[in-house]
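FYI, side chains are in, hydrogens and waters are out, and symmetry mates aren't considered; it's all heavy atoms of this structure. Labels below follow one simple rule: chain letters A, B, ... track the order of the sequence lines, proteins then strands, and each chain is numbered from 1.
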Amino acid sequence: MNPLVLPPTFYSASTVTVARRLLGTCLIHESDEGLCAGRIVETEAYLRDDPACHASRGQTTRNAVMFGPPGHVYVYLIYGMYNCFNVVTAAEGIGEAVLVRALEPLAGIELMRQRRGRSELKELCSGPGKLVQAMGVTRSHNGAALTHGALTLHAAERFGGIPRFEISVSQRIGINVGVELPLRFCVKGSTFLSKKG
DNA sequence: GTCCTGATCCTCT
DNA sequence: GAGGATCAGGACG
């Protein structure tokens, strides 16, 4: 296995810890169309007892993946048009996840432009629905492991690393419940955030 | 079965 | 800054 691929143990820390550690790591998707990669610059933690978390009302067929082992992908359709990309955290049976909200494009940028129908670099991955579209992620990836397969998560060093950065913590975006909780984490000063952090 | 809501994005003003 | 697009899952009855 590629030593830069993050191991399953990476995901078994607390959800908030994983949300912070995900910043700077590289998401890579190798598809038939080509390879795409992006560095994670914005995440949000969704905890079990959090009303905004899908798993807060117990396990259902939709959110079953969240209750599975950590290090897997939970893809969910929102507003009938867009998908959100989540990383399952916490032990099996708990039901917590981290939403990836924004990426800094690293590779396969032309492919991202085709998929998005936009040319500006900042418009490719600066939002949950956008990055899913740019990376070519679909609901067929729901339940897939991030430790092997087409969709993998690599350490920051994979693309030369990221200069030392500060983490900015703020309130989450786009939800109506639990908004006051400081569970959104951004790479401070990044130009690829979904919103000013 | 029917109704309603939502972790969004884009276009237009 | 506001509104429309568009659909699956969950909560009812």
**Prompt:** Would R184(A) and S170(A) count as a side-chain hydrogen bond (donor to acceptor under 3.5 Å, both in side chains) if you check the C-alpha gap in whole Å, the side-chain angles of each, and the deciding distance to 0.1 Å?
**Reply:** CA-CA 5 Å; R184(A) 174 171 174 245; S170(A) 55; 3.1 Å; yes

**Fill in**
A13(A) meets the side chain to side chain contact (heavy atoms under 4.5 Å, CB included) criterion, sequence neighbours left out, with T17(A), V18(A), R21(A)

**Request:** Identify whether any heavy atom of G129(A) sits under 4.0 Å from a base atom; if not, whether one sits that close to sugar-phosphate; answer base, sugar-phosphate or nothing.
**Result:** sugar-phosphate

**Message:** For T9(A), give me all partners under side chain to side chain contact (heavy atoms under 4.5 Å, CB included), at least two apart in sequence or on another chain.
**Reply:** P7(A), S12(A)

**Asked** Whole Å only: how far is the CE atom of M81(A) from the P atom of dA5(C)?
**Response** 9 Å

**Item:** Nucleotide dA5(C), atom C1' - distance to OH of Y82(A) in whole Å
**Value:** 8 Å

**Pairwise salt bridge (charged side-chain N to carboxylate O under 4.0 Å, His left out) hits with a residue in residues 130-152 of chain A, at least two apart** = E123(A)-K130(A)

**Message:** Taking any heavy-atom pair under 4.0 Å as a contact, classify Y46(A): base, sugar-phosphate, or nothing.
**Reply:** base

**Prompt:** Has E180(A) got more than 12 heavy atoms of other residues, nucleotides or ligands less than 6.0 Å from its CD?
**Reply:** yes

**Message:** What is the separation between atom OH on Y79(A) and atom P on dT6(C), rounded to the nearest whole Å?
**Reply:** 16 Å

**Prompt:** Which of these nucleotides, dT6(C), dA7(B), dC10(B), is closest to any side-chain atom of L99(A)?
**Reply:** dA7(B)

Interface polar pairs with nucleotides 11-13 of chain B, N/O, under 3.5 angstrom:
| unit_1 | atom_1 | unit_2 | atom_2 | d |
| --- | --- | --- | --- | --- |
| dT11(B) | OP2 | R118(A) | NH2 | 2.7 |

**Asked** Out of dA7(B), dC7(C), dC10(B), which nucleotide sits closest to the side chain of Y74(A)?
**Response** dA7(B)

**Whole-Å gap separating P (dT8(B)) and CZ (F85(A))** = 16 Å

**Complete:** For M112(A) and A37(A), the nearest pair of non-hydrogen atoms, with its separation, is CE-O, 3.4 Å

**Asked** What is the distance from CG of N86(A) to P of dT8(B), rounded to the nearest Å?
**Response** 11 Å

**Request:** Give a yes or no on whether the backbone of L124(A) and the side-chain of R116(A) come within a donor-acceptor separation of less than 3.5 Å.
**Result:** yes

**Asked** Could R39(A) and F192(A) be counted as a cation-pi pair, given that NZ or CZ must be under 6.0 Å from the ring centre and within 45° of the axis?
**Response** no

**Item:** Qualifying residues under side chain to side chain contact (heavy atoms under 4.5 Å, CB included), relative to V65(A), sequence neighbours excluded
**Value:** Y74(A), V88(A), N142(A)

**Message:** Output the rounded distance in Å from CG (N83(A)) to P (dC9(B)).
**Reply:** 11 Å

**Message:** Please tell me if R116(A) has a side-chain N or O lying less than 4.0 Å from either OP1 or OP2 of dC10(B).
**Reply:** yes

**Prompt:** How does DNA chain B look in dot-bracket form if you count Watson-Crick and G-U pairs under 3.5 Å, write [ ] for pairs that cross, and put | where a base pairs with another strand?
**Reply:** ||||||.|||||.

**Message:** Rounded to whole Å, please give me the gap between CZ in R57(A) and C1' in dA7(B).
**Reply:** 14 Å

**Prompt:** Is R115(A) close to C36(A) at the side-chain level, that is, under 4.5 Å between some pair of heavy atoms?
**Reply:** yes

**Prompt:** Between dC10(B), dA11(C), dA8(C), which one does the side chain of R139(A) approach most closely?
**Reply:** dA8(C)

**Request:** Please determine, for the side chain of P128(A), which listed nucleotide (dT8(B), dA5(C), dG9(C)) has the closest atom?
**Result:** dT8(B)

**Request:** Give the rounded distance in Å between these two atoms: CD1 of I175(A) and C1' of dT5(B).
**Result:** 15 Å

